[in-house]
Amino acid sequence: MKDVHEVHKAAPKATIFTVRMEVVNHWNLSSADLKRFAEEKGMASNVVIPNDGDCYYY
């Protein structure tokens, strides 16, 4: 979560798309936890937390 916050601080107007990866430092992080963290840090409007299976196209 700290890494997402650091990116937001470096680029506060950017939209940040998060992904859940099955790696050691992310395996116990739920989407709900990340959403709560983003809300607490005041960056929820800039953080996109896709649900499983969601697709985004540009």
Side-chain angles (χ1 to χ4, degrees):
M1 289 188 283
K2 183 179 177 185
D3 51 349
V4 175
H5 189 231
E6 291 299 319
V7 170
H8 175 70
K9 289 190 310 187
K13 294 182 181 182
T15 299
I16 302 167
F17 283 79
T18 62
V19 294
R20 283 184 14 96
M21 298 176 289
E22 300 298 328
V23 295
V24 174
N25 63 337
H26 293 140
W27 72 270
N28 64 347
L29 177 62
S30 72
S31 295
D33 291 337
L34 185 54
K35 182 178 180 179
R36 208 169 13 258
F37 178 78
E39 289 170 353
E40 289 171 3
K41 296 296 184 182
M43 59 182 189
S45 64
N46 296 79
V47 178
V48 177
I49 305 167
N51 294 312
D52 289 345
D54 283 354
C55 295
Y56 293 86
Y57 299 95
Y58 288 93

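- Residue K41 holds its NZ atom at 15.0 Å from CG of N46, rounded to the nearest 0.5 Å.
- Residues S31 and P50 share a closest heavy-atom pair of OG-O, 4.3 Å.
- For N51, the side-chain contact (heavy atoms from CB on, under 4.5 Å) partners are D54, not counting sequence neighbours.
- In this structure the side chain of V48 reaches within 4.5 angstrom of the side chain of Y56, judged on heavy atoms.
- To the nearest 0.5 Å, atoms NE2 (H8) and CE (M43) are separated by 6.5 Å.
- Residues T18 and I49 approach most closely at OG1-CA, 3.5 Å, considering heavy atoms.
- In this structure, the side-chain contact (heavy atoms from CB on, under 4.5 Å) partners of A44, at least two apart in sequence or on a different chain, are A38, E39.
- To the nearest 0.5 angstrom, R36 atom CZ is 6.0 Å from S30 atom OG.
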